[in-house]
Amino acid sequence: MKRILAALLAVMMIAAVCLTGCGSSGSGKLAAIKKEDLKVAFLYVGTIGDLGYSFAHNQGRLALEEMGITTTYVENVPETAECEATLRQLCDEGYNVIYATSFGHGEWVEKVAKDYPNVYFGHATGYIQSDNTENYMGRVYEARYLAGIVAAMNSESGKIGYVAAMQIPEVVRGINAFTLGVRSVNPDATVEVVWTNTWFDVTIEKSAALELINKGCDLIAQHCDSTAPQLAAQEKGVKAIGYNTPTADAAPKAYLTAPLFHWDVFYKSDIESIMAGKWEPKTYWEGLSKGMVSLDDLTDNCVAGTKEAVEAAQAKIIDGSLVIFGGELKDNTGAVRVEAGKTMTDDELQSFDWFVEGVVGKIG
């Protein structure tokens, strides 16, 4: 009998340890992790020296280190099975919170998360959600709308070029918001898109910008990770709008502003929820009102009145009186896609697969 009782006690103790120390409460909710026990890893699709997307995420990582949290990062993680191998290695090394920051990392996060149910996973720009996986993004399309206003006010020709990376809803949504901002100032302006089909390639991105400039575009915007389009714009004497981080120093004669991410807002909040035991799998998507995104300070390259126009529009976006994707909206073939009085839902924004009126280009 004593042996039986001892065995039962041992089983109960093992169960208790797993409930409190293995990362699961037994109800599908992960356990809190103390600050000193946190090991947080970041996967970047590019390098932290890109002055763009990966650089911006790394600023968020550094904010965690300032909180006294142990972090690491892996650069140049491709959107292939190599991503899976990297994720598994980090889990095996004891990292208990992992943020994968590129859309194409998503399928690998989903696969690996199932095998490591006690590790917290976050996937930027994606849609995966499970017991231990969340997705997160900033409503950067709000800042892109404001950037569109800047572009229209500073383009003499009304022909604006846009260097675009991957043909996914995130990029399409940004192009559309930017174009709506442009046409709120100049209804006849156009935004011509050239796809690079890569997130970060200096040569391809610069070539795309030069192609647009040669077509008569006098302002270049971008959704790609390097400053190459801005450098091309400066070389050719036209204006540029950046992305992700402030890069006025890269092309001081061309740079006007840039839509910015403030990833530290999310990362600090998310880690605090993990430490407090309040983390829940979620879709995080905040914008101007929460400080998750913003428009960079305007440079002196902007014409008079630009700042006032941006500030007026921003105030309306924040108070809800300006709905960026409210109807009537037509696509670039002239067909009505959103009727007057209707507003696109978040689900529709997350699956954007058409261009608004004013965009010159195709998807697919």
Side-chain angles (χ1 to χ4, degrees), residues 41-62 72-87 98-109 122-126 136-138 140-141 143-144 147 161-175 178 193-213 220-235 240-251 254-255 258-263 293 296 361 363:
F42 291 76
L43 273 64
Y44 302 141
V45 73
T47 70
I48 61 174
D50 65 6
L51 295 181
Y53 184 75
S54 294
F55 175 88
H57 276 286
N58 199 57
Q59 297 306 296
R61 182 189 68 83
L62 292 174
T72 192
Y73 63 92
V74 184
E75 297 175 298
N76 294 317
V77 179
E79 298 169 320
T80 65
E82 187 176 327
C83 176
E84 178 183 355
T86 301
L87 288 166
I98 299 178
Y99 296 112
T101 62
S102 191
F103 181 83
H105 293 157
E107 65 175 296
W108 311 111
V109 170
H123 180 220
T125 78
Y136 61 101
M137 181 58 173
V140 74
Y141 66 84
R144 285 202 182 280
Y162 200 109
V163 179
M166 300 294 191
Q167 300 184 45
I168 62 173
E170 173 199 345
V171 182
V172 173
R173 183 171 61 242
I175 294 167
F178 178 81
V193 175
V194 170
W195 296 106
T196 64
N197 297 309
T198 178
W199 292 115
F200 180 79
D201 188 304
V202 174
T203 301
I204 293 175
E205 291 164 14
K206 185 172 183 179
S207 177
L210 291 173
E211 177 183 340
L212 289 163
I213 294 168
I220 300 297
Q222 67 180 81
H223 188 144
C224 57
D225 293 352
S226 84
T227 58
Q230 299 161 54
L231 295 172
Q234 179 162 279
E235 288 177 11
I241 291 176
Y243 181 45
N244 290 302
T245 58
T247 50
D249 290 344
Y255 183 87
L260 307 180
F261 284 105
H262 302 286
W263 295 108
V293 303
D296 191 18
I363 304 169

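When all heavy atoms of L212 and Y162 are compared, the closest pair comes out as CD1-N, 3.4 Å. The heavy-atom pair separating A251 from Q234 by the smallest distance is C-OE1, 3.0 Å. Of all heavy-atom pairs spanning A164 and V171, the tightest one is CB-CG1, 4.0 Å. Heavy atoms only, all atoms of each residue included: A258 and T245 are closest at CB-O, 4.1 Å. Here the shortest heavy-atom pairing between V202 and A228 reads O-CB, 3.4 Å. Looking at every heavy atom in both residues, G242 comes nearest to P259 through O-CD, 3.2 Å.
Below 30°, between 30° and 60°, or above 60°: for H223 and Y243 the angle between ring planes is between 30° and 60°, a tilted geometry. Between Y136 and Y99, the ring planes are perpendicular. Angles over 60° get that label, and only those under 30° would be called parallel.
With contacts defined as side-chain heavy-atom distances shorter than 4.5 Å, the pair Q222/Q230 qualifies. Residues L260 and V293 form no side-chain contact, since every pair of their non-hydrogen atoms from C-beta on lies 4.5 Å or further apart. At least one side-chain heavy atom of Y255 sits less than 4.5 Å from a side-chain heavy atom of D296. Proximity of I241 to I220: side-chain heavy atoms (C-beta onward) are nowhere separated by under 4.5 Å. Counting heavy atoms from C-beta on, the side chains of D201 and T196 never come closer than 4.5 Å. A 4.5 Å side-chain heavy-atom check between F103 and V45 finds every atom pair outside the cut-off. Side-chain atoms of T72 and F42, non-hydrogen and from C-beta on, never get closer than 4.5 Å to each other. Residues C224 and P229 have side chains in contact (heavy-atom distance under 4.5 Å, counting atoms from C-beta outward).
Legend: residues meeting side-chain hydrogen bond (donor to acceptor under 3.5 Å, both in side chains) with E79, ordered by chain and number and at least two apart, are S102, W199. Listed by chain and number, the residues in a salt bridge (charged side-chain N to carboxylate O under 4.0 Å, His left out) with E75 amount to none (sequence neighbours excluded). Under the side-chain hydrogen bond (donor to acceptor under 3.5 Å, both in side chains) criterion, R61 pairs with N58, E65, T71, not counting sequence neighbours. Partners of W108 by ring-ring contact (aromatic ring centres under 6.0 Å, His included), not counting sequence neighbours: none found. Under the side-chain hydrogen bond (donor to acceptor under 3.5 Å, both in side chains) criterion, E82 pairs with no residue, sequence neighbours left out. For T101, there are no side-chain hydrogen bond (donor to acceptor under 3.5 Å, both in side chains) partners at least two apart in sequence or on another chain.
Distance alone, capped at 3.5 Å, is enough to place a donor-acceptor pair between the H123 side chain and the G106 backbone. H105 places a side-chain N or O within donor-acceptor distance of the main-chain N or O of V77, the cut-off being under 3.5 Å.
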- For E84 and T86, run side chain to side chain contact (heavy atoms under 4.5 Å, CB included): C-alpha distance rounded to whole Å, both residues' side-chain angles, the deciding distance at 0.1 Å, then the answer. CA-CA 5 Å; E84 178 183 355; T86 301; over 6 Å; no

- Please assess S226 against E205 for the test side-chain hydrogen bond (donor to acceptor under 3.5 Å, both in side chains), listing each intermediate value before the final yes or no. CA-CA 8 Å; S226 84; E205 291 164 14; 2.3 Å; yes

- Query: Given V163 and V194, is the side chain to side chain contact (heavy atoms under 4.5 Å, CB included) satisfied, shown in steps?
  - Reply: CA-CA 5 Å; V163 179; V194 170; 5.7 Å; no

- Test R173 against R144 for side chain to side chain contact (heavy atoms under 4.5 Å, CB included), laying out the working first. CA-CA 10 Å; R173 183 171 61 242; R144 285 202 182 280; over 6 Å; no

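The 12-atom threshold is exceeded at CG of N197, counting heavy atoms of other residues, nucleotides or ligands nearer than 6.0 Å.
Rounding to the nearest 0.5 angstrom, the gap separating the OH atom in Y73 from the CG atom in L62 is 8.5 Å. Rounded to the nearest 0.5 angstrom, I363 CD1 and I168 CD1 are separated by 11.5 Å. Taking CG of N244 as the start and OG of S54 as the end, the distance is 8.5 Å to the nearest 0.5 Å. Here F200 contributes atom CZ and D225 contributes atom CG; the two are 7.5 Å apart, rounded to the nearest 0.5 Å.
A donor-acceptor contact closer than 3.5 angstrom is absent between the side chains of D50 and Y44.
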